[in-house]
Enquirer: 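Have a look at the structure that comes next, please.
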2 protein chains.
Amino acid sequence: MDTSRRISIAVVKRLPRYYRYLGELLENDITRISSKELSERMGVTASQIRQDLNNFGGFGQQGYGYNVEYLYNEIGKILGLNNTYKFIIVGVGNLGQALANYTKFEKRGFILKGLFDVNPRLIGMTIRGIEVKDIDEMEAFVKENKIDVAFLTMPKSKVRKVAEDLARWGIKGLWNFSAVDLDVSPDVVVEDVHLSDSLMTMSYKINRKMIKKEKELEMKKHHK
Amino acid sequence: MDTSRRISIAVVKRLPRYYRYLGELLENDITRISSKELSERMGVTASQIRQDLNNFGGFGQQGYGYNVEYLYNEIGKILGLNNTYKFIIVGVGNLGQALANYTKFEKRGFILKGLFDVNPRLIGMTIRGIEVKDIDEMEAFVKENKIDVAFLTMPKSKVRKVAEDLARWGIKGLWNFSAVDLDVSPDVVVEDVHLSDSLMTMSYKINRKMIKKEKELEMKKHHK
DNA sequence: TAGATTGTTAATCGATTAACAATC
DNA sequence: TAGATTGTTAATCGATTAACAATC
């Protein structure tokens, strides 16, 4: 292994999936697993699993495989899940409210600290004991409470300015749900959830499949 | 171009982003653009843009570039956005409700037709004029209304069974929000939105950045 | 010890970038 | 026509897979 070399994003994106599968094994009281068996369950190659893991260290043992609980915990550490992150939600519309009510993020170390919006009808409302505040109060709040992360669930017209502000106030990560590519300081991590892009990708795939089917039908007709 | 050859998923995932940028250009009344200028705006290479587009045909003109409106519409067609898809939401919890209230999906051709849940407290509730129905009524509804797509926003314990059922009843696409990899018939498109995976990826990146910073501080100390 | 399976190097495959002839 | 920029082929780069010696 060589911990210093740059890890490709493709590898990083696979880690949560490994973590998920190992969690399931753990729930089923499976204590050890070989890269071969895991690869069959996950539909990837054993080689890829071993290569991926060896970016971060040697977690297995020749002739034995991997200890499930140990590997699960190690990947958890690599993912930084032993940290806690204080987060706020900016934009308490439908999606913001849904995320505010999602308690599972806490299991990953993300603790909801504040809710912000511009809409007077939402300000003052309470979700999970937290009051929605006016966005004007955000600067003081972020600085005082040393907020690490913001979920951005606001209209895209406003998101660029908010992202810049938050970057200036020392935020570490932005979970961006708006259909805009943010371009902030390299000190700030931006993770995008482009729902609309995902939907369009699905549309593409469905469409392709339909075209393929039509073509096959055409072919059959001509062969008769 | 060669329309028959297999398009890689990497290319497909970039199409919605092109579509987004072209839409913005259109809003700003920009009528033509070269691959070079678009590449600078998007932070990719001009070569990649031309390669990507040429998977689907030649949409540009030598010496001129691309007509923004034409290219926008063509990519829309490739993405299947001229189709309409009738969809239902299965699981009307926080996230399901949020998605039900999202009217923007209609612009992409997705029309909400039904809402289903098992929770008696939700059944009977109305969102955007649509009543939440008992999941027992889903089979008849899907078949009668020729539903194309289902958004799966339910607890992961139940999602595998629901996905199998829907596949059997002729669904074309599943937009899966649960932290489970679905393994259904190859006739059904599955598009995953693994929010928890995305959050873990962000955690990884923040963590990495913090470790890097610590190391740099260490280095400085030693150099004094 | 023999068998199993890792960690790692080497080979292959695919995706991205560069280059340039074609042509508007 | 001259300049610009595409479409496309060729070169490079990186990621995945295969192979196998190391070793538990």
Side-chain angles (χ1 to χ4, degrees), chain A residues 1-18 21-22 25 30-75 78 201 204, chain B residues 1-18 21-22 25 30-75 78 201 204:
Chain A
M1 70 138 169
D2 169 11
T3 296
S4 68
R5 89 160 155 282
R6 176 129 200 84
I7 313 285
S8 86
I9 188 67
V11 173
V12 173
K13 291 260 173 207
R14 284 196 290 267
L15 293 178
R17 190 152 178 265
Y18 293 137
Y21 273 81
L22 290 164
L25 292 174
I30 294 167
T31 54
R32 58 177 271 197
I33 194 150
S34 68
S35 59
K36 181 152 182 292
E37 205 198 324
L38 187 58
S39 75
E40 280 157 9
R41 286 175 184 253
M42 295 185 67
V44 299
T45 62
S47 209
Q48 181 167 76
I49 293 175
R50 294 203 300 278
Q51 285 279 22
D52 283 352
L53 296 178
N54 277 94
N55 282 300
F56 303 98
F59 304 113
Q61 200 171 303
Q62 282 99 329
Y64 173 89
Y66 299 88
N67 178 291
V68 173
E69 189 174 4
Y70 174 71
L71 185 57
Y72 178 79
N73 289 328
E74 288 301 309
I75 294 180
I78 294 164
T201 303
Y204 171 87
Chain B
M1 72 139 167
D2 168 12
T3 296
S4 67
R5 88 159 156 284
R6 175 126 203 85
I7 313 284
S8 85
I9 188 68
V11 173
V12 173
K13 291 260 172 204
R14 283 195 291 266
L15 292 178
R17 190 152 179 266
Y18 293 138
Y21 274 80
L22 289 164
L25 291 174
I30 294 167
T31 55
R32 57 179 270 198
I33 193 151
S34 67
S35 58
K36 180 153 181 294
E37 204 198 324
L38 186 58
S39 76
E40 280 158 9
R41 285 174 184 255
M42 295 184 66
V44 300
T45 63
S47 209
Q48 181 166 77
I49 292 175
R50 294 203 300 278
Q51 286 278 22
D52 283 353
L53 296 178
N54 277 93
N55 281 300
F56 304 98
F59 304 113
Q61 199 171 304
Q62 283 98 330
Y64 173 90
Y66 299 88
N67 177 290
V68 174
E69 190 175 2
Y70 174 69
L71 185 56
Y72 179 79
N73 288 329
E74 287 301 309
I75 295 180
I78 295 164
T201 304
Y204 171 87

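No experiment lies behind these values; they were computed from the predicted model shown. All chains are named by letter (A, B, ...) in the order of the sequence lines, taking the proteins before the strands, and each is independently numbered beginning at 1.
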Enquirer: Exactly one of A/Arg14, A/Lys13, A/Arg17 should register a salt bridge (charged side-chain N to carboxylate O under 4.0 Å, His left out) with A/Asp52. Which one does?
Expert: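 Among A/Arg14, A/Lys13, A/Arg17, the one meeting salt bridge (charged side-chain N to carboxylate O under 4.0 Å, His left out) with A/Asp52 is A/Arg14.
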Enquirer: Quick one: list whatever passes salt bridge (charged side-chain N to carboxylate O under 4.0 Å, His left out) with A/Arg50, sequence neighbours left out.
Expert: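 Not a single residue meets the salt bridge (charged side-chain N to carboxylate O under 4.0 Å, His left out) criterion with A/Arg50.
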Enquirer: Could you write out each protein N or O paired with an N or O of nucleotides 11-14 of chain C at a distance under 3.5 Å?
Expert:
none

Enquirer: In whole Å, what is the span from the CG atom of B/Asn67 to the C1' atom of D/dT6?
Expert: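 These atoms are roughly 15 Å apart.
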Enquirer: CG of A/Leu38 to CD1 of A/Ile30: how many Å apart, nearest 0.5 Å?
Expert: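 Here the interatomic distance stands at 10.0 Å.
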Enquirer: In residues 39-48 of chain B, what donor-acceptor pairs under 3.5 Å come from side-chain atoms, sequence neighbours left out?
Expert:
from, atom 1, to, atom 2, distance (Å)
B/Ser39, OG, B/Ser35, O, 3.4
B/Ser39, OG, B/Lys36, O, 2.5
B/Glu40, OE2, B/Lys36, NZ, 3.3
B/Arg41, NE, B/Glu37, OE2, 3.4
B/Arg41, NH2, B/Glu37, OE2, 3.3
B/Thr45, OG1, B/Gln48, N, 3.1

Enquirer: Residues of residues 68-75 of chain B with any non-hydrogen atom less than 4.0 angstrom from an atom of DNA chain C: list those, numerically ordered, please.
Expert: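 Heavy-atom contacts with DNA chain C come from no residue of residues 68-75 of chain B; none.
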Enquirer: Can you name the nearest heavy-atom pair linking B/Ile49 to B/Tyr18, along with the distance?
Expert: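 Minimum heavy-atom contact is CA-OH, 3.6 Å.
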Enquirer: So if I define the base as every atom that isn't primed, P, OP1 or OP2, how would nucleotides 17-24 of chain C read as a B/S/- string at a heavy-atom cutoff under 4.0 Å?
Expert: BBBB-BBB
Enquirer: Hey, which of these two, B/Ser35 or A/Arg14, hits DNA chain D nearer its 5' end, going by closest nucleotide?
Expert: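 Result of the comparison: B/Ser35.
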Enquirer: Can you identify which nucleotide, out of D/dT6, C/dT8, D/dT16, has its nearest atom closest to the A/Asn54 side chain?
Expert: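 My answer, after comparing the listed nucleotides, is C/dT8.
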Enquirer: By side chain to side chain contact (heavy atoms under 4.5 Å, CB included), which residues pair with B/Thr31, not counting sequence neighbours?
Expert: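 Side chain to side chain contact (heavy atoms under 4.5 Å, CB included) check on B/Thr31 returns nothing, list empty.
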Enquirer: Mind listing the side-chain donor-acceptor pairs of residues 67-74 of chain A below 3.5 Å, one per line with the distance, residues two or more places apart or on another chain?
Expert:
from, atom 1, to, atom 2, distance (Å)
A/Asn67, OD1, A/Glu69, N, 3.1
A/Asn67, OD1, A/Tyr70, N, 2.9
A/Tyr72, OH, A/Tyr19, OH, 3.3
A/Asn73, ND2, A/Glu69, O, 3.2
A/Glu74, OE2, A/Lys77, NZ, 3.0

Enquirer: Treat a base pair as Watson-Crick or G-U wobble with both distances under 3.5 Å, then lay out DNA chain D in dot-bracket form, 5' to 3', with | for cross-strand pairs.
Expert: ..||||||||||||||||||||||
